[in-house]
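We name chains A, B, ... by the order of the sequence lines, and we start the count at 1 in each one. Just the heavy atoms: all of them, side chains too, but no hydrogens, waters or symmetry mates, feed the values below.
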Amino acid sequence: MPEIRVTPLGAGQDVGRSCILVSIAGKNVMLDCGMHMGFNDDRRFPDFSYITQNGRLTDFLDCVIISHFHLDHCGALPYFSEMVGYDGPIYMTHPTQAICPILLEDYRKIAVDKKGEANFFTSQMIKDCMKKVVAVHLHQTVQVDDELEIKAYYAGHVLGAAMFQIKVGSESVVYTGDYNMTPDRHLGAAWIDRCRPNLLITESTYATTIRDSKRCRERDFLKKVHETVERGGKVLIPVFALGRAQELCILLETFWERMNLKVPIYFSTGLTEKANHYYKLFITWTNQKIRKTFVQRNMFEFKHIKAFDRAFADNPGPMVVFATPGMLHAGQSLQIFRKWAGNEKNMVIMPGYCVQGTVGHKILSGQRKLEMEGRQVLEVKMQVEYMSFSAHADAKGIMQLVGQAEPENVLLVHGEAKKMEFLRQKIEQEFRLLPETKKPRLLHGTLIMKDSNLRLVSSEQALKELGLAEHQLRFTCRVHLQDTRKEQETALRVYSHLKSTLKDHCVQHLPDGSVTVESILIQAAAHSEDPGTKVLLVSWTYQDEELGSFLTALLKKGLPQAPS
Amino acid sequence: MKLYCLSGHPTLPCNVLKFKSTTIMLDCGLDVTSTLNFLPLPLVQSPRLSNLPGWSLKDGNAFLDKELKECSGHVFVDSVPEFCLPETELIDLSTVDVILISNYHCMMALPYITEHTGFTGTVYATEPTVQIGRLLMEELVNFIERVPKTQSASLWKNKGIQRLLPSPLKDAVEVSTWRRCYTMQEVNSALSKIQLVGYSQKIELFGAVQVTPLSSGYALGSSNWIIQSHYEKVSYVSGSSLLTTHPQPMDQASLKNSDVLILTGLTQIPTANPDGMVGEFCSNLALTVRNGGNVLVPCYPSGVIYDLLECLYQYIDSAGLSSVPFYFISPVANSSLEFSQIFAEWLCHNKQSKVYLPEPPFPHAELIQTNKLKHYPSIHGDFSNDFRQPCVVFTGHPSLRFGDVVHFMELWGKSSLNTVIFTEPDFSYLEALAPYQPLAMKCIYCPIDTRLNFIQVSKLLKEVQPLHVVCPEQYTQPPPTQSHRMDLMIDCQPPAMSYRRAEVLALPFKRRYEKIEIMPELADSLVPMEIKPGISLATVSAVLHTKDNKHVLQPPPRPAQPPGKKRKRVSEDTPDCKVLKPLLSGSIPVEQFVQTLEKHGFSDIKVEDTAKGHIVLLQEAETLIQIEEDSTHIICDNDEMLRVRLRDLVLKFLQKF
């Protein structure tokens with residue numbers, strides 16, 4: 001079995017900076033190229049110098065595959081391709097290709113414009129990087145070169161998220177990226193066929209969670225929003241324009257519809273309209289229900305959610321506002337936050353991770369007095385809630401996927417070491433290999449090698465094709481038997497003895513008095529000198545040697561006494 | 001390998017391919033041209049149609065006058081319209097493993113096959129094919145069900161009676177198997193058996209055969225199919241286009257190196273140039289509207305209509321038509337317009353890139369937004385309030401036998417100001433118009449068929465070089481109306497094999513090899529010898545593992561050491577005959593053989609010459625070895641040790657295979 005080598009440059013036993021190198025049958029593939037939200041220094045990006053110290057990455061990598069648009073899976077891509085230098089193909093699905101550059105640009109703006117980082121990738125680099133992208137369809141087998149092929153499967157984690165099968169000859173690896181095995185508000189469940197890869201590399205973020213925790217979180221979220229608006233408070237939800245925002249909008253929209261609520265919901269302008277448009281155009285990537293009903297009612301055309309105007313922030317009475325950006329570090333979300341922070345009736349819900357140094361991070365870590373620019377101090381009296389809505393498979397889902405794909409080996413990544421250990425044991429328990437039950441069959445033939453063409457043919461055919469004659473090697477052994485009866489009777493005794501002994505073989509008594517066992521011929525003859533002895537001539541070819549020598553040994557022991 | 005041909009319609013094919021233990025149905029087209037023999041189903045009671053005279057035989061016998069009506073010299077069946085199904089008796093359809101669908105027009109018979117033949121397999125199609133196919137079926141069912149007709153004529157189908165009828169009724173084929181339309185329930189059940197596939201997806205059928213859909217460039221999600229094993233390849237080309245319209249371009253390269261290429265679905269109007277037709281369509285439309293007339297465009301709810309709307313989008317302002325209302329009337333009009341916008345991944349590059357902006361790929365979104373194009377499920381309801389003339393109406397069905405188009409034909413047919421423009425190529429426009437005669441309305445025939453024409457086919461065949469071409473018989477001779485046009489047929493070498501309805505073709509190739517993988521451990525143990533320059537041989541003894549039609553050669557198991565207590569009984573166990581010995585080749589040089597015998601301690605050796613060779617006598621051992629050119633015979637006493645020693649010495653001189 002050729003070697004498959006896996007080297008995580010990130011997200012080995014950790015979440016963030018996903019980047020895994022896979023070497024399979026001489027091909028090198030990089031899976032994801034993410035950044036780490038928790039670091040602001042070199043550790044933010046994977047260490048690409050591991051791949052090569054001085055050569056060009058393009059010479060060492062056959063292709064790069066991006067599983068989905070989350071920054072911990074694609075955030076380092078422009079750095080990797082434009083600053084370190086990679087010109088080979090980058091594969092991702094159509095929605096990922098559409099949305100990825102927008103998130104990268106957002107990320108770049110925060111890093112450069114807000115934090116003033118130098119030596120960061122530029123907008124032009126994002127554009128140049130995206131030019132190297134080749135979009136793939138679901139289930140399309142993409143031939144990267146003559147030997148390497150990749151295939152995308154639906155992963156359900158975010159719009160356009162995919163799992164990838166990487167195949168060279170008969171060797172294959174499946175990389176799941178992030179996936180979700182239960183359909184949610186807007187996406188379907190991950191699915192893979194029984195492709196039996198040699199290795200399945202699966203994320204294990206929720207390796208130990210079994211219950212459907214997402215439903216609970218959703219209920220929790222709705223309850224908090226509902227309670228706050230019921231008592232007349234305002235709810236601020238800082239979000240990024242794409243991804244979670246649409247999911248939460250659907251959640252609130254359906255809740256509002258069901259509960260017949262009249263409290264206004266606003267979405268801060270900017271990308272929103274455009275973002276929702278992406279979801280409308282890529283509706284084939286959403287779940288069955290949305291796809292089925294989109295003609296009558298497009299889930300991404302919201303009835304209750306209206307565009308926000310900055311004047312609305314001072315309106316009296318309850319409201320819910322989605323505002324960008326998601327970490328409260330600038331812009332509209334921060335402005336609204338400053339206005340509402342002083343009132344304990346209000347609430348801010350952070351639906352995602354916040355980078356250190358942002359207002360979002362500060363309030364989540366419990367800080368209630370914030371120093372704003374101009375030495376102002378902002379006292380936070382409003383309630384602060386954190387809720388993670390990421391859609392990952394739980395332990396049950398991971399087991400389900402392993403069961404679907406039937407891999408030979410499973411590699412857990414993108415999770416915590418301790419939890420992985422637990423899941424490892426579970427997988428080993430449940431999917432122990434069953435021994436092969438079929439009886440093996442022996443095959444004999446000749447392999448003809450001509451140029452790079454190999455053909456297995458029968459030996460006879462090989463001789464014939466090469467114009468060679470067969471050389472027959474035959475043995476005849478004399479076996480002496482004490483028997484005074486006539487030769488014919490001896491032959492008959494031999495026949496009945498062999499017939500009863502060799503149940504699995506074809507034993508025949510021929511008209512000429514000889515006995516055959518398969519192709520072995522036995523003839524009885526009189527002994528030239530001793531009339532009380534008969535000579536059995538046992539004759540066989542080299543090809544029947546085992547049976548022939550067995551028969552002589554058997555006959556040498558004599559025949560059983562005749563019953564009469 | 002056999003091909004069962006179940007449909008005689010070249011653009012609505014239905015064939016079954018038996019290939020390597022799998023039974024694969026290629027498309028299941030429904031021949032709807034049969035409905036041309038029926039009277040139109042009017043949405044609103046039509047005095048003209050209901051007062052048509054009954055038809056009577058020459059001798060005045062009028063026993064058929066309830067079933068058959070006459071209109072301007074043509075005879076029509078007054079009944080619920082019926083369709084001509086693919087042949088269902090030629091092969092047991094419950095044995096079909098899979099059905100491969102190439103485009104949404106070629107799946108309309110699916111409910112008849114999947115619901116009424118015991119079919120238990122899987123249907124493969126792309127997502128746009130399924131979604132738009134569903135719309136076409138929904139529209140068809142809706143058109144027929146919303147005008148319930150009590151009369152179902154059957155008398156005329158009687159063989160004896162059919163002979164007496166005028167053409168084309170007299171010549172209609174298999175009328176006894178014609179069936180009424182299916183129900184929505186059957187449609188849903190049929191569609192639930194479809195598994196969605198993507199272009200270039202390799203789909204394994206039982207591990208024996210791999211099928212792959214390829215973009216065919218004709219319609220949204222339309223595909224050609226590759227059906228292959230490791231050593232054989234069949235390409236199924238159905239409804240392909242090389243023109244740049246909205247779908248993804250045709251994938252030609254993947255069709256190369258086919259043993260057999262089955263070619264169906266070529267253009268039905270080989271003499272018309274689609275681009276020219278579009279131009280004619282626009283100018284005729286403008287002319288009519290400017291003169292105060294209305295334009296009726298009988299059409300399917302998906303396909304060419306997208307291109308026509310796009311042309312009009314660019315054309316109407318410059319032609320001064322921006323105030324003319326465009327109506328699109330179909331029970332699935334809204335769905336069709338919406339669906340077209342979400343299949344970006346299946347569109348040509350130009351349209352695909354729009355989604356990244358993000359903008360809808362088709363400009364009809366803007367036509368709808370600006371109220372220039374309005375769509376309605378039917379003429380009832382909102383439409384009657386909004387209806388303004390002069391206007392342009394796109395509506396179905398292109399056969400003019402059912403759907404809202406019947407109403408507009410009745411409404412506008414009497415005025416020569418109005419124009420009906422035929423763009424769909426599936427029906428002869430003269431036959432379609434026959435039950436509306438006499439007609440004052442202008443009729444323009446601009447058939448737009450983007451499928452391959454014969455020039456493109458011969459170019460394609462030169463490019464992909466299949467060993468054999470199989471096609472419907474219609475393509476191997478010029479069209480009957482243009483019998484002098486020898487260029488309007490397939491020209492290839494060897495000549496294409498043709499098929500007709502209910503025929504079984506034996507495809508001209510034999511399978512000879514299977515792919516087997518050799519485990520590296522086994523490969524390591526092989527010892528190749530070069531027999532001739534460039535040709536090496538190695539004998540292989542191995543265990544063949546076969547699972548899911550995949551074959552792997554593994555090293556043979558080591559001869560198991562029998563457990564200690566059994567050792568005594570070893571000789572009593574019958575030997576495992578499955579240990580195979582190689583064949584031998586070569587010849588034994590007697591002198592060297594004798595020397596070798598001596599070296600190994602045999603003495604008293606005598607050699608006698610015979611007619612064919614020599615006899616070597618080992619007198620002490622009472623052993624005789626006959627050596628001939630291509631055989632050796634060792635005759636000895638029952639002394640296994642001796643025999644084995646001699647054997648090994650003989651084998652030294654021979655090659656094993």
Mind listing the closest non-hydrogen atom pair of [X] and [Y] along with its distance?
X	Y	result
S631(B)	H471(A)	C-NE2, 3.4 Å
L463(A)	L584(B)	CD1-O, 4.4 Å
H137(A)	E345(B)	CE1-O, 2.7 Å
T552(A)	E640(B)	OG1-OE1, 4.2 Å

Practice item. Any pair with a residue in residues 471-480 of chain A that passes salt bridge (charged side-chain N to carboxylate O under 4.0 Å, His left out), sequence neighbours left out, goes on the list, sorted by first then second residue, please. Key: R478(A)-D637(B)

Revision key, fill the gap. Under 4.5 Å to a heavy atom of chain A? For L337(B) that would be neither

Practice item. Could you tell me which portion of K532(B) (side chain, backbone, both or neither) has an atom closer than 4.5 angstrom to a non-hydrogen atom of chain A? Key: side chain

Check your understanding: Partners of E204(B) by salt bridge (charged side-chain N to carboxylate O under 4.0 Å, His left out), sequence neighbours excluded?
Key -> K550(B)

Check your understanding: Quick one: does T539(B)'s side chain have a donor or acceptor within less than 3.5 Å of a partner on T446(A)'s backbone?
Key -> no

**Study point:** Flag, side chain of S459(A) to backbone of L583(B), donor-acceptor distance under 3.5 Å
**Key:** no

Point to revise | Crowding at CZ, R297(A) (>12 non-hydrogen neighbours, <6.0 Å) | key: yes

**Study point:** Pairing of R643(B) and E545(A) as salt bridge, 4.0 angstrom limit
**Key:** yes

Practice item. Compute the centroid of each ring, for Y278(A) and then for Y356(B), and state whether the two points are separated by less than 6.0 Å. Key: no

